[in-house]
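Fair warning: this is a prediction, and the values are worked out from it, not measured in the lab.
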Amino acid sequence: MVAGSREPGAGVEMYKSFYGLKERPYGKTPDPRFLYLSKQHEEALARLSYAVEEREIAVLTGEIGSGKTTLSRALMDRVEKDVIVLIVNPRLTPNQLLRELARRMELEPPRYRSDLVEAISDKIYALHEEGRGLVLVVDEAQLIPGKPTFEELRLLSNFQLDTENLISILLIGQPELRQRLKHPAYAALRQRVGMWYHLGNLDPADTRAYILHRFKVAGGKGSPLSDEALGLVHQLTGGVPRLINNLCTNALLSGFGKEERPVSASTLREAAKEMAP
């Protein structure tokens, strides 16, 4: 299975022109325009959307490179009126979490904890009066340092009225997040979670469709790879989207050097060998 990827460098613009592309089709950034909705990604997005609408806690897990972050960005693009707070480095104490939340809500964090909680509470209820809610998205949530911060997240979910919740909390992370939350110490938080979902890797058919989808979004026509090469990608990457992107980027660069269009299976294998650690 392939692992790393070389940096395309100055050759990117040239290979884009050679393949008739307007932009890089297999970039590493979580651009929601390139999201390929496999059946499981579509279901995950629907469940996350429901959790936001119902103001619930949701947990989304997946292996490294499975597309969790891209999926979360697509969800955020769909949220129209609510205030979204995204935390990408959750190595925070409870107090740091509250202060970060306050800052992202454009509040000047008070010095004392009681005042800080009150300021956040007032803001959340003010948003409700405007017909808006708060969506707190915690990426890489498996890095949350310990139970106290998880407990603070649970306490945030207490912002509610008799008939509705006022805050959605989305915890997104690697599989160890789910394993941590299985511990008896987190029973109270688990009971608050309204949605659990795990993203697996793409199967062979979805791997093929994923490659073609991203190529088309980037302005390409047809397939960047030969039919045989398309069939090999899943075998070489295990269907991990990030590895697919790395392999396809390197294969296109190699194919450009050979003036291959589409890229052959032999060139794809060569690109995979160059990426091996």
[X] and [Y]: same hydrophobic cluster, using ILVMFWY side-chain contacts below 4.5 Å?
| X | Y | value |
| --- | --- | --- |
| Phe256 | Leu247 | yes |
| Leu156 | Val52 | no |
| Leu268 | Leu212 | yes |
| Val138 | Val135 | no |
| Ile57 | Val83 | yes |

Do [X] and [Y] make a side-chain contact, defined as non-hydrogen atoms from C-beta onward lying under 4.5 Å apart?
| X | Y | value |
| --- | --- | --- |
| Asn95 | Leu116 | yes |
| Met105 | Ile124 | yes |
| Ile211 | Pro224 | yes |
| Ser38 | Tyr210 | no |
| Leu155 | Val117 | no |
| Asn201 | Thr237 | no |
| Val193 | Leu171 | no |

Partners of [X] by salt bridge (Lys or Arg N to Asp or Glu O under 4.0 Å), sequence neighbours excluded?
| X | answer |
| --- | --- |
| Arg132 | Glu130 |
| Glu53 | none |
| Glu100 | Arg103, Arg104 |
| Arg242 | none |

Indicate the atoms forming the closest heavy-atom contact of [X] with [Y], along with that distance.
| X | Y | result |
| --- | --- | --- |
| Ser264 | Ser266 | OG-OG, 3.1 Å |
| Ser226 | Ala265 | OG-N, 3.8 Å |
| Ala58 | Ala51 | CB-CB, 3.7 Å |
| Asp206 | Asp203 | N-OD1, 2.7 Å |
| Gly27 | Asn245 | O-ND2, 3.4 Å |
| Ser254 | Thr267 | CB-CG2, 3.6 Å |

What's the separation between atom [atom1] in [X] and atom [atom2] in [Y], rounded to the nearest 0.5 Å?
| X | Y | atom1 | atom2 | result |
| --- | --- | --- | --- | --- |
| Leu71 | Leu45 | CG | CG | 5.0 Å |
| Ile120 | Leu101 | CD1 | CG | 4.5 Å |
| Thr70 | Leu35 | OG1 | CG | 7.0 Å |
| Lys28 | Thr249 | NZ | OG1 | 8.0 Å |
| Cys248 | Leu230 | SG | CG | 8.0 Å |
| Arg99 | Leu92 | CZ | CG | 12.0 Å |

> Stepwise, does the side chain to side chain contact (heavy atoms under 4.5 Å, CB included) test hold for Lys16 with Leu252?
Replying inline: CA-CA 9 Å; Lys16 280 165 52 180; Leu252 288 178; over 6 Å; no

Assess whether atom [atom1] of [X] is packed by more than 12 heavy atoms of other residues, nucleotides or ligands within 6.0 Å.
| X | atom1 | answer |
| --- | --- | --- |
| Ile64 | CD1 | no |
| Lys216 | NZ | no |
| Glu164 | CD | yes |

> Which side-chain hydrogen bond (donor to acceptor under 3.5 Å, both in side chains) pairs, counting each pair once, include a residue from residues 73-93, with sequence neighbours left out?
Replying inline: Arg55-Asp82, Thr93-Gln96

>> Considering only residues two or more places apart or on different chains, which pairs with a residue in residues 105-122 satisfy side-chain hydrogen bond (donor to acceptor under 3.5 Å, both in side chains)?
In response: Arg113-Glu152

>> Going by ring-ring contact (aromatic ring centres under 6.0 Å, His included), name the pairs with one or both residues in residues 31-63, residues two or more places apart or in two chains.
In response: Tyr36-His213

>> Per the ring-ring contact (aromatic ring centres under 6.0 Å, His included) rule, what does the pair list look like for residues 169-200, sequence neighbours excluded?
In response: Phe150-Tyr186

Backbone N/O of [Y] and side chain of [X]: donor-acceptor pair under 3.5 Å:
| X | Y | value |
| --- | --- | --- |
| Gln40 | Gly200 | yes |
| Lys68 | Gly62 | yes |
| Ser157 | Arg154 | yes |

>> With side chain to side chain contact (heavy atoms under 4.5 Å, CB included) as the criterion, how do Leu127 and Leu166 come out once you've worked through the C-alpha distance, each side chain's angles and the decisive distance to 0.1 Å?
In response: CA-CA 9 Å; Leu127 287 173; Leu166 301 180; over 6 Å; no

> Do the charged groups of Glu43 and Lys39 touch, with an N to O distance under 4.0 Å?
Replying inline: no

> Does NZ or CZ of Arg214 fall inside the cone over Tyr26's six-membered ring, less than 6.0 Å from its centre and within 45° of the axis?
Replying inline: no

Please enumerate all residues that pass side-chain hydrogen bond (donor to acceptor under 3.5 Å, both in side chains) together with [X], with sequence neighbours excluded.
| X | value |
| --- | --- |
| Arg208 | Asp227 |
| Glu23 | Arg33 |
| Thr69 | Asp139 |

Mind listing the side-chain donor-acceptor pairs of residues 174-182 below 3.5 Å, one per line with the distance, residues two or more places apart or on another chain?
residue	atom	partner	partner atom	Å
Arg180	NH1	Gln142	O	3.0
Arg180	NH1	Ile144	O	2.6
Arg180	NH2	Ile144	O	3.1

>> Set out, in order, the CA-CA distance, both residues' side-chain angles and the distance that settles side chain to side chain contact (heavy atoms under 4.5 Å, CB included) for Leu232 and Leu225, then state yes or no.
In response: CA-CA 10 Å; Leu232 275 174; Leu225 309 177; over 6 Å; no

>> Would Leu202 and Ile244 count as a side chain to side chain contact (heavy atoms under 4.5 Å, CB included) here? Give the steps.
In response: CA-CA 10 Å; Leu202 301 175; Ile244 295 170; 4.1 Å; yes

